[in-house]
There are 2 protein chains.
Amino acid sequence: MMALVKLADLCAKTGEAHGTTRGLAKLMGVSQQTASRYLIELEGLGLISRSRAPEGERIGITEEGSKELAALYASLRDFLERPKAELVLEGRLFTGLGEGAYYISQGGYRRQFVERLGFDPYPGTMNLRLDGRGRARRMLLDRIDPIMIEGFSDGSRGFGPVKCYRAIVEDRIEGAVLVAMRSHYGDDVIEVIAPIGLREALGLRDGQTVRIRVPPASNPPRPSA
Amino acid sequence: MMALVKLADLCAKTGEAHGTTRGLAKLMGVSQQTASRYLIELEGLGLISRSRAPEGERIGITEEGSKELAALYASLRDFLERPKAELVLEGRLFTGLGEGAYYISQGGYRRQFVERLGFDPYPGTMNLRLDGRGRARRMLLDRIDPIMIEGFSDGSRGFGPVKCYRAIVEDRIEGAVLVAMRSHYGDDVIEVIAPIGLREALGLRDGQTVRIRVPPASNPPRPSA
DNA sequence: ATTACTAGGAATCGAGTAG
DNA sequence: TCTACTCGATTCCTAGTAA
């Protein structure tokens with residue numbers, strides 16, 4: 001694989017590489033014998049084509065070889081071009097009507113919080129009213145992979161799905177921003193949950209400005225394997 | 001290296017991978033022992049960071065690791081996104097004043113043609129006047145790597161540098177398109193040379209339309225190593 | 001000069017297993 | 001369970017060299 005990549009490097013300019021096994025070996029950082037073996041193996045796999053030339057050899061990468069490289073390229077792109085910058089939201093703390101506590105205490109939500117966020121939320125949400133800049137930035141949340149909390153019904157009524165984004169409150173406490181798919185608040189409000197009571201832990205009062213950092217990778221700390 | 005790529009795959013979605021060495025091993029197609037060794041080695045190289053978690057382990061790719069991957073990504077891009085399509089130019093044959101023959105017969109040019117194009121040009125150029133579509137396409141020549149023929153002086157006068165592009169004339173004869181950096185012709189004319197006389201070989205007469213294919217890779221068949 | 005074979009040493013892998 | 005060690009098996013690399 002890496003040998004194929006090195007050859008692709010040498011083919012990048014013209015579509016084919018020219019040279020002796022010794023020269024290629026030097027460029028690839030291996031011995032002449034190894035370069036020769038690489039060429040034999042890659043040709044056997046149908047990933048490159050070779051044609052003898054008096055001055056050395058012409059090596060081209062076949063369609064199949066390009067496919068191999070393209071697959072590698074694609075997987076690197078997925079990693080490298082994923083959103084990188086974290087999102088910082090600032091808003092003023094205000095007291096709601098306590099519906100937040102009602103909702104997140106529902107077993108159907110709570111079980112999913114524990115499973116997908118990794119913590120059992122303190123029974124209450126912190127409501128923040130975003131300033132103008134914050135409202136603009138909130139749009140950027142869409143570019144981050146949400147942790148989905150599914151809707152459910154408890155028999156008497158239904159509860160809608162909720163998107164969560166891992167968040168760090170005031171640089172100290174790890175929690176999550178909730179975005180209800182059909183919120184009772186407007187676009188200028190975000191709700192934040194955490195394993196502990198944020199107001200008490202941080203000594204916050206209504207009207208204070210609170211800073212939330214949403215890292216670009218917001219998925220849960222559980223095994224992907 | 002490939003181990004780092006595999007890990008990057010697993011980190012693509014969230015920025016970090018979670019799991020046990022056994023699980024990671026399975027995803028990477030190696031044994032648990034090898035996965036463990038990979039992690040130790042990559043961490044030693046500073047390419048990844050690890051943090052133990054009760055459910056397994058959290059693995060992130062460091063800035064330095066990302067740089068490694070970005071370098072690999074860039075070299076793949078150079079190969080995969082190099083221009084692929086060939087350029088087809090069509091124009092009507094006309095007879096010039098014979099200056100073409102004078103220029104390419106100069107030893108200073110001729111030696112370079114032999115060395116860089118791999119043939120000794122027939123002493124004469126074929127002049128083609130491009131149609132409207134051809135003029136538009138000619139611009140695309142700039143996207144192809146030229147074979148540079150350097151300017152020189154023979155004592156009495158100077159000769160400017162010339163760009164060459166390998167070309168196939170009427171699908172039959174391999175030659176080259178010349179683009180003089182300071183041409184005596186306008187932008188609607190191209191000059192073509194080949195090892196043999198094109199008019200005679202192809203039975204062409206003034207006014208006929210001639211088709212030239214310029215492949216995307218136009219460098220010479222000599223050792224790059 | 002090449003390319004590529006052989007042979008032996010070096011690096012790598014994974015089964016077993018300790019902590 | 002987990003991670004990571006030892007160690008024999010295997011793979012891989014290169015020096016020497018044939019063609």
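All chains are named by letter (A, B, ...) in the order of the sequence lines, taking the proteins before the strands, and each is independently numbered beginning at 1. Just so it is clear, the values below take in all heavy atoms, side chains as well, and ignore hydrogens, waters and symmetry mates.
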- Message: Five pairs per end, C1' atoms only: what is the angle between the end axes of the helix from C/dT2-D/dA19 to C/dG19-D/dC2, to 10 degrees?
- Response: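 Roughly 30° between the end axes, to the nearest 10°.
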- Task: Could you tell me which residues satisfy side chain to side chain contact (heavy atoms under 4.5 Å, CB included) with B/D9, sequence neighbours excluded, listed by chain and number?
- Result: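 For B/D9 the side chain to side chain contact (heavy atoms under 4.5 Å, CB included) partners, ignoring immediate neighbours, are A/S75.
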- Query: Who pairs with A/D120 by side chain to side chain contact (heavy atoms under 4.5 Å, CB included), at least two apart in sequence or on another chain?
  - Reply: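 A/D120: side chain to side chain contact (heavy atoms under 4.5 Å, CB included) contacts with A/R110, A/V114.
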Set of side-chain hydrogen bond (donor to acceptor under 3.5 Å, both in side chains) partners for [X], sequence neighbours left out:
X: B/E150; value: B/R116
X: B/S66; value: none
X: A/T21; value: A/Q32
X: A/S156; value: A/D154

- Task: Go through DNA chain C in 5' to 3' direction and return only the first and the last nucleotide with some atom under 4.0 Å of chain A's heavy atoms.
- Result: C/dT2 to C/dC5
- Message: So if I define the base as every atom that isn't primed, P, OP1 or OP2, how would nucleotides 2-17 of chain D read as a B/S/- string at a heavy-atom cutoff under 4.0 Å?
- Response: SBBB-------BBBB-
- Quick one: salt bridge (Lys or Arg N to Asp or Glu O under 4.0 Å) pairs with a partner in residues 30-45 of chain B, sequence neighbours left out?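 Listed by first then second residue: B/R37-B/E41, B/E43-B/R50.
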- Sequence neighbours left out, what pairs pass salt bridge (Lys or Arg N to Asp or Glu O under 4.0 Å) with at least one residue falling in residues 167-177 of chain B? B/D171-B/R211, B/D171-B/R213
- Task: Could you label the plane-to-plane angle of the B/F152 and B/F159 rings as parallel, tilted or perpendicular, counting under 30° as parallel and over 60° as perpendicular?
- Result: parallel
- Which pairs count as ring-ring contact (aromatic ring centres under 6.0 Å, His included) when at least one residue sits in residues 53-89 of chain A, sequence neighbours excluded? A/Y73-B/Y73
